[in-house]
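Here's the structure, in structure tokens; my notes come after.
The chains referred to below are lettered A, B, ... by the order of the sequence lines, with proteins before strands, and numbering in each begins at 1. Not measured: the values here are computed from a predicted model. Below, all heavy atoms of this structure are taken into account, side chains as well, without hydrogens, waters or symmetry copies.
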2 protein chains.
Amino acid sequence: MAIHSSNRTDVNRSAILARLGADGPASRAELARVLALSPALITQLVKELLADGLLVELEQAPSNGGRPARMLGLATSAGHAIGVKVVADHVAFVEVGVDGRVVRSASEPFDATASTFIAELVERIRGFIAAGDGTTVLGLGVGVPGSVDRLGSGVVDSAQLGWTGVELGDALRRATGLPVVVENNVNALAVAERLFGLGRSHDNFLVVTIGTGVGAGVVVDGNVLRGASGGAGEIGHFPVADDGPRCGCGNDGCLEAHIGEGALVRDARDRGAIPPDGGIDDLLAAADAGEDDAIRIYREAGGLLGRTLAGVVHTVDPALVVVLGEGTTGWRHWSPGFEPAFRSHLLRHRRSLPVEIETWQDESWAQGAAALVLAMPFDAAGSAGDQGRLIRERLVGPVVRR
Amino acid sequence: MAIHSSNRTDVNRSAILARLGADGPASRAELARVLALSPALITQLVKELLADGLLVELEQAPSNGGRPARMLGLATSAGHAIGVKVVADHVAFVEVGVDGRVVRSASEPFDATASTFIAELVERIRGFIAAGDGTTVLGLGVGVPGSVDRLGSGVVDSAQLGWTGVELGDALRRATGLPVVVENNVNALAVAERLFGLGRSHDNFLVVTIGTGVGAGVVVDGNVLRGASGGAGEIGHFPVADDGPRCGCGNDGCLEAHIGEGALVRDARDRGAIPPDGGIDDLLAAADAGEDDAIRIYREAGGLLGRTLAGVVHTVDPALVVVLGEGTTGWRHWSPGFEPAFRSHLLRHRRSLPVEIETWQDESWAQGAAALVLAMPFDAAGSAGDQGRLIRERLVGPVVRR
DNA sequence: GAGAGTTAATTTAGAACTAAACAAAGTAGA
DNA sequence: TCTACTTTGTTTAGTTCTAAATTAACTCTC
């Protein structure tokens with residue numbers, strides 16, 4: 001309700017860095033426009049950032065009718081973020097630059113159900129950091145399949161990992177001494193999409209993932225919707241039938257229990273579309289080969305996803321839907337079911353809502369997690385408590401001001 | 001992303017008025033705490049508001065261990081807001097004080113499909129205002145069944161009213177010279193709930209209405225979620241079956257086509273639970289009398305609502321669900337179907353989510369619309385353009401400052 | 001090639017806000 | 001009654017930001 005300007009000390013300084021990191025060089029005037037700050041302030045802040053060595057002045061841009069702009073770029077030494085993707089049987093790591101580009105990556109086995117899982121995880125993380133080239137690590141972003149209660153302490157509840165009330169954030173912070181942000185993995189992807197992807201040009205959009213699980217990240221007015229307990233976007237457990245198959249969450253008829261990877265494989269085995277020991281790759285191959293049962297399984301899944309997403313669209317009214325995840329490799333078979341179901345159930349004036357399918361790489365999940373670190377210092381709401389401030393401090397580094 | 005302090009000129013002044021209006025008298029220290037502003041600023045702003053005659057200093061509060069607080073109250077002359085509820089065949093008006101209490105109300109026939117509907121509406125509004133006691137009218141809040149693209153211009157699309165692209169806001173503003181805020185009627189209720197109802201103590205909650213239509217207002221981080229085109233919360237058109245009955249929107253299988261008042265009545269007639277010319281009152285009477293078919297119709301509707309709402313809860317993760325609308329008069333018959341379906345489809349850690357049924361009066365819709373006017377000057381986002389500023393100006397009145 | 005127009009960046013004066021020190025007005029305990 | 005403590009409210013100095021005027025650097029047109 002009330003507006004206050006406490007703790008905003010260098011949020012705008014950070015916003016400048018974020019913009020330059022995400023979108024490349026820009027002029028002072030351009031920064032003023034996109035950040036909705038006065039040119040006067042930009043002049044002032046840029047002067048300080050240049051003095052601190054965080055920015056560099058680049059060549060002049062060609063004039064377009066008036067005084068040509070002097071472009072500003074991020075000093076390359078700004079630092080890296082580390083993204084960690086945690087799943088039941090392994091962890092994946094990436095190290096990314098301030099522009100979101102992956103510098104290096106790794107993947108290691110990991111048993112989330114072991115009693116010593118935190119110690120194990122810490123060891124793996126230390127190993128990955130130690131293998132780096134020594135560039136300042138701004139912080140650690142961790143993506144988990146499940147809901148995260150407070151981004152700061154990082155309290156994780158995850159059926160998939162068998163975790164309840166695990167204070168992962170605090171544990172990792174103590175062990176590594178780094179700023180740590182823990183978040184649901186789909187929400188992390190939504191953040192990445194907002195910073196570096198299609199979401200850059202949209203304040204309201206939906207990120208949907210299909211694969212082992214089904215999930216959504218809801219971006220509203222430029223921010224990821226977390227809800228009262230950090231559990232927003234759990235559309236995998238949207239009930240689509242009263243008497244549907246049992247889901248991993250214990251309920252019946254969840255969307256995920258119908259169209260998750262496990263459900264598709266089970267259906268395919270039952271119908272004989274793939275051998276009894278076949279997997280999702282076999283199903284995709286069968287569909288590619290034109291086998292009716294396989295094609296039908298994908299089409300039905302697409303239809304159910306389309307119908308449910310139409311409802312979700314009516315609920316949150318996004319301007320764009322982005323579909324991501326391992327499952328998108330077979331999207332050509334989902335699409336014939338998805339498109340008619342999705343469009344026909346949308347209200348007329350929203351029928352033309354764009355749906356974009358993004359290419360998917362193994363490291364995308366971890367990349368999303370890393371984006372959390374890059375987004376956090378620029379999140380005015382400060383949802384993760386001190387972490388944003390700590391990351392900012394590491395960003396500015398040991399430079400002495402004034 | 002970036003923080004800026006433009007146009008915040010008297011937002012905090014307004015926040016003080018809002019707080020005192022909504023929650024009654026408070027001390028300076030208390031205001032500083034709840035508004036998260038410094039005591040120094042409160043002192044400063046209160047000094048000016050007292051000089052302007054908008055606030056009055058009340059008696060001292062009993063000390064609780066230290067210097068006793070001098071309470072502050074709103075000057076009673078602050079003004080009234082007028083709420084208008086527009087439906088296909090009539091309009092309802094209320095005039096409310098800054099505390100949200102209804103001063104007077106009226107209801108008149110109105111044909112939304114007539115070609116001269118704007119002129120008609122203007123005339124009815126003028127009549128209602130003229131019948132008042134002359135207290136300053138701060139502004140006009142209009143609730144419509146449909147989606148509103150920009151709160152400022154108030155562009156309305158409504159299947160129920162047969163309106164597409166009607167610039168109601170601009171038209172009414174020109175005709176009345178008052179600040180005008182047009183909004184979807186369920187969103188208006190959500191605003192009212194946030195200002196004066198159960199939502200005061202929750203930043204994330206869901207308002208659900210059942211009756212002729214079915215709708216939802218989604219409050220996220222204290223603000224009503226409007227989405228990319230103002231259409232968020234349209235859960236009435238959530239598709240719940242591929243081959244369900246045809247809905248008024250033209251699609252098949254919408255939730256509203258299953259459990260809206262029209263659908264219930266149609267079902268009841270088909271099953272012989274009420275006479276062929278019977279209405280919703282007959283259905284309720286039949287259920288009260290213990291007739292199986294009537295009870296079953298309500299229970300099925302409750303089950304479908306419960307299942308769908310469970311999914312919506314997973315999507316936006318509210319801390320509270322408030323059920324409102326004409327339909328709640330029969331809630332005792334919805335409940336046996338709703339409760340099991342809703343709870344059983346929620347994820348375990350969210351099973352105990354509170355669902356509150358609010359009593360409903362005829363004028364509640366219009367009261368919600370009036371709340372728009374009272375909320376607008378205190379909406380820092382300024383979603384309705386100039387309207388908030390205009391209302392603030394009327395609130396401060398002709399007093400000359402300094 | 002001399003204005004006229006446009007866009008970029010800086011300077012200056014001042015508004016909005018806060019932190020921290022202070023003053024005021026009470027209670028509670030010896 | 002004197003001292004210690006608590007809570008409320010004000011003052012002061014300083015920070016962050018903006019608006020508006022100004023300077024700078026270019027293009028376009030005649």
Side-chain angles (χ1 to χ4, degrees), chain A residues 1-16 19-20 25-51 55-73 380 382 389 392 396 401-402, chain B residues 1-16 20 25-51 55-73 380 382 389 392 401-402:
Chain A
M1 213 108 144
I3 303 296
H4 50 103
S5 43
S6 71
N7 288 340
R8 284 205 257 126
T9 319
D10 41 15
V11 169
N12 284 339
R13 237 179 295 265
S14 303
I16 292 174
R19 177 73 195 184
L20 295 175
S27 69
R28 289 169 178 81
E30 199 180 332
L31 288 172
R33 280 191 297 266
V34 297
L35 300 179
L37 296 169
S38 66
L41 181 60
I42 297 291
T43 291
Q44 183 59 33
L45 296 180
V46 163
K47 191 185 292 175
E48 296 171 20
L49 288 169
L50 284 171
L55 293 186
V56 287
E57 220 163 22
L58 307 173
E59 79 292 357
Q60 278 194 182
S63 156
N64 39 337
R67 172 172 170 177
R70 243 170 304 177
M71 303 302 278
L72 300 164
R389 187 180 52 72
R392 280 200 297 277
V396 176
R401 302 281 297 285
R402 233 150 310 245
Chain B
M1 211 108 145
I3 303 296
H4 49 102
S5 41
S6 71
N7 288 341
R8 286 205 257 125
T9 318
D10 42 15
V11 169
N12 284 339
R13 238 178 295 265
S14 303
I16 293 174
L20 294 176
S27 70
R28 289 168 178 82
E30 198 180 333
L31 288 172
R33 279 190 298 267
V34 296
L35 301 178
L37 296 169
S38 66
L41 181 60
I42 297 291
T43 291
Q44 183 59 31
L45 296 181
V46 163
K47 192 185 293 174
E48 295 171 21
L49 288 169
L50 285 171
L55 293 187
V56 287
E57 220 164 22
L58 307 174
E59 79 291 357
Q60 278 194 181
S63 156
N64 41 337
R67 173 172 170 175
R70 244 169 303 180
M71 304 301 279
L72 299 164
R389 188 180 50 74
R392 280 201 295 278
R401 302 283 298 284
R402 232 152 310 248

Problem set entry | Nearest heavy-atom neighbours spanning A/Ala26 and A/Met71 | CA-CE, 3.6 Å

Exercise. Considering all heavy atoms of both residues, which atom of B/Ser63 and which atom of B/Gly65 are nearest to each other, and what is their separation?
Worked result: OG-N, 3.1 Å

Exercise. Roughly, in whole Å, what's the span from CD1 in B/Ile16 to C1' in C/dC17?
Worked result: 13 Å

Seminar exercise, completed: In 5'-to-3' order, the base (B), backbone-only (S) or no-contact (-) status of each nucleotide in nucleotides 5-13 of chain C, using a 4.0 angstrom heavy-atom cut-off, is BBBBSBB--

Distances under 3.5 Å between protein N/O atoms and the N/O atoms of nucleotides 28-30 of chain C, please, pair by pair.
none

Exercise. Has B/Ser63 got a side-chain N or O lying under 4.0 Å from the OP1 or OP2 atom of C/dG26?
Worked result: no

Exercise. Of B/Leu31, B/Val56, B/Leu58, which is the lone residue that meets side-chain contact (heavy atoms from CB on, under 4.5 Å) with B/Leu72?
Worked result: B/Leu31

Seminar exercise, completed: Atom CG of A/Leu45 and atom P of D/dC17 are separated, to the nearest Å, by 6 Å

Seminar exercise, completed: Result for side-chain contact (heavy atoms from CB on, under 4.5 Å) between A/Leu35 and one of A/Ile16, A/Leu45, A/Leu41 points to A/Ile16

Exercise. Whole-Å distance between D/dT16 C1' and A/Leu37 CG?
Worked result: 11 Å

Exercise. Taking only residues at least two apart or on different chains, which pairs with a member in residues 26-42 of chain B satisfy side-chain hydrogen bond (donor to acceptor under 3.5 Å, both in side chains)?
Worked result: B/Arg28-B/Glu57

